[in-house]
S.K.: 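Structure provided below as structure tokens; questions to follow.
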Amino acid sequence: MRILGIDPGIAIVGFGFIDKIGSKLTPVQYGCIQTEAHTDPGLRLKQVYDATCQLLDKYKPDAMGIEKLFFNRNVTTAFTVGQARGVVILAAVQRGIPVGEYTPLQVKQAVVGYGKAEKIQVQEMVRMFLKLSAIPKPDDVADALAVAICHAHSSTLQDKIKEVTKR
């Protein structure tokens, strides 16, 4: 199963593709989509959408996990991040790719085992899970891989629940 993890944003969208074979997780490709500040917001959303479509068409994931929007200060930023999140979800849904949505708390619990883990703890666990030589940068990339790992763990649980309910 190939999973795409997304850490949404308007300036930087972190992405990470992993393959899940049994309980083994292997990184496939990861990086970020960046848009220029002081560019028309509609153009930035189109750039995020187009780049996402290219990634989906090239790496053909079976599923996508995306972080749910969480904000506590800047409402304007939340709206633009929400719009970017929307175009990424649209690109996946247009291709028939199922999308799982996870809160930051769920991602931290899945990767570290503790919902209030520090960012560096999550990043280090991502590095260890995927046997990477260094923590991916920028932070948005490590966050996207954490979302992909969270989705991999959640899909395993969902598969087990389906098995039990079929009996």
S.K.: What do you reckon, is CD of Glu118 surrounded by more than 12 foreign heavy atoms closer than 6.0 Å?
M.R.: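 Count not over threshold, so no.
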S.K.: Treat each ILVMFWY residue as a node, draw an edge where side-chain heavy atoms are under 4.5 Å apart, and state whether Ile120 and Val111 are in one component.
M.R.: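 As far as the 4.5 Å side-chain criterion goes, Val111 and Ile120 are not connected within one cluster.
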S.K.: CZ of Arg2 to CD of Gln29: how many Å apart, nearest 0.5 Å?
M.R.: 10.0 Å
S.K.: Please check if the distance between the ring centroids of His153 and Phe129 is under 6.0 Å.
M.R.: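 Yes, the ring of His153 comes within the 6.0 Å limit of the ring of Phe129, centre to centre.
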S.K.: Which heavy atom in Pro8 sits nearest to a heavy atom in Ile6, and how many Å separate them?
M.R.: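 Shortest heavy-atom contact: CD-O, 3.6 Å.
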S.K.: Could you give the distance from CZ (Phe15) to SG (Cys32), rounded to the nearest 0.5 Å?
M.R.: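 Taking CZ in Phe15 and SG in Cys32, the distance rounds to 7.0 Å.
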S.K.: Would a hydrophobic clustering, with Ile, Leu, Val, Met, Phe, Trp and Tyr connected at side-chain separations under 4.5 Å, put Leu55 with Val13?
M.R.: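 Yes: a chain of side-chain contacts under 4.5 Å links Leu55 to Val13.
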S.K.: Compare all side-chain heavy atoms of Ile10 with those of Gln83 and state whether any distance is below 4.5 angstrom.
M.R.: no
S.K.: Could you tell me whether the side chain of Lys60 and the main chain of Asp57 form a donor-acceptor pair under 3.5 Å?
M.R.: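 The answer is yes, because a donor-acceptor pair under 3.5 Å joins these two groups.
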S.K.: Out of curiosity, does Ile33 fall in the hydrophobic cluster containing Ile12 (side-chain heavy atoms, cut-off under 4.5 Å, transitive links)?
M.R.: no
S.K.: Does Leu69 belong to the same Ile/Leu/Val/Met/Phe/Trp/Tyr cluster as Val99, with side-chain heavy atoms less than 4.5 Å apart forming each link?
M.R.: no
S.K.: Take Gln54 and Tyr59 through the side-chain hydrogen bond (donor to acceptor under 3.5 Å, both in side chains) test and state the conclusion after the steps.
M.R.: CA-CA 9 Å; Gln54 289 176 354; Tyr59 294 101; over 6 Å; no
S.K.: Walk me through whether Asp19 and Met1 qualify under side chain to side chain contact (heavy atoms under 4.5 Å, CB included).
M.R.: CA-CA 6 Å; Asp19 282 346; Met1 172 184 234; over 6 Å; no
S.K.: If you group Ile, Leu, Val, Met, Phe, Trp and Tyr by side-chain heavy-atom gaps below 4.5 Å, do Tyr102 and Leu4 land in one group?
M.R.: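 No, it is not one cluster - the side chains of Tyr102 and Leu4 are not joined through contacts under 4.5 Å.
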S.K.: To the closest 0.5 Å, what do you measure between CG (Leu130) and CD1 (Ile149)?
M.R.: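 Leu130 CG to Ile149 CD1: 4.0 Å, rounded to 0.5 Å.
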S.K.: Could you tell me whether the side chain of Cys150 reaches within less than 4.5 Å of the side chain of Val107, counting heavy atoms only?
M.R.: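 Of all side-chain heavy-atom pairs linking Cys150 with Val107, at least one is under 4.5 Å.
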S.K.: Does any non-hydrogen side-chain atom of Gln47 lie less than 4.5 Å from one of Leu43?
M.R.: yes
S.K.: If the condition is salt bridge (Lys or Arg N to Asp or Glu O under 4.0 Å), which residues does Arg44 pass it with, not counting sequence neighbours?
M.R.: none
S.K.: Would you say Pro27 and Phe17 make side-chain contact, with heavy atoms under 4.5 Å?
M.R.: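 Not in contact.
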S.K.: What's the shortest heavy-atom distance between Pro136 and Tyr30, and which atoms?
M.R.: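 So the minimum-distance heavy-atom pair works out to CB-CE1, 3.9 Å.
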S.K.: Under the salt bridge (Lys or Arg N to Asp or Glu O under 4.0 Å) rule, collect the residues that match up with Asp62, sequence neighbours excluded.
M.R.: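 Listed in chain order: nothing, the list is empty.
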S.K.: Indicate the atoms forming the closest heavy-atom contact of His151 with Ala63, along with that distance.
M.R.: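 So the two residues come closest at NE2-CB, 3.4 Å.
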S.K.: Applying salt bridge (Lys or Arg N to Asp or Glu O under 4.0 Å), name anything that partners Asp40, two or more places apart in sequence or on another chain.
M.R.: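 Per chain and number, Asp40 pairs via salt bridge (Lys or Arg N to Asp or Glu O under 4.0 Å) with no residue.
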S.K.: Could you grab the distance from atom OG1 of Thr52 to atom CZ of Arg95, nearest 0.5 Å is fine?
M.R.: 9.0 Å
S.K.: Which side-chain hydrogen bond (donor to acceptor under 3.5 Å, both in side chains) pairs, counting each pair once, include a residue from residues 103-116, with sequence neighbours left out?
M.R.: Thr103-Gln106
S.K.: Minimum heavy-atom separation for Leu132 to Val126, with atom names?
M.R.: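 Leu132 and Val126 have their closest heavy atoms at CD1-O, 4.5 Å.
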S.K.: Which heavy atom in Gln123 sits nearest to a heavy atom in Ala142, and how many Å separate them?
M.R.: CG-CB, 3.9 Å
S.K.: Which pairs of donor and acceptor atoms, one on a side chain in residues 84-91, lie under 3.5 Å apart (sequence neighbours left out)?
M.R.:
from: Arg85; atom 1: NE; to: Glu67; atom 2: O; distance (Å): 3.0
from: Arg85; atom 1: NH2; to: Glu101; atom 2: OE1; distance (Å): 2.2

S.K.: Taking NZ, NE, NH1 and NH2 as the nitrogens, is one of them in Lys119 or Asp143 under 4.0 Å from a carboxylate oxygen of the other?
M.R.: yes
S.K.: According to the salt bridge (charged side-chain N to carboxylate O under 4.0 Å, His left out) rule, which pairs have a member within residues 120-131, sequence neighbours left out?
M.R.: Glu124-Arg127
S.K.: Does Lys58 NZ have over 12 foreign heavy atoms under 6.0 Å away?
M.R.: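 No, because the 6.0 Å sphere around NZ of Lys58 holds 12 heavy atoms or fewer from other groups.
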S.K.: How many angstroms lie between CD1 in Ile135 and CE in Met128, if you round to the nearest 0.5 Å?
M.R.: 11.0 Å
S.K.: With rounding to the nearest 0.5 Å, note down the distance linking CD1 in Ile3 to CD1 in Ile18.
M.R.: 4.5 Å
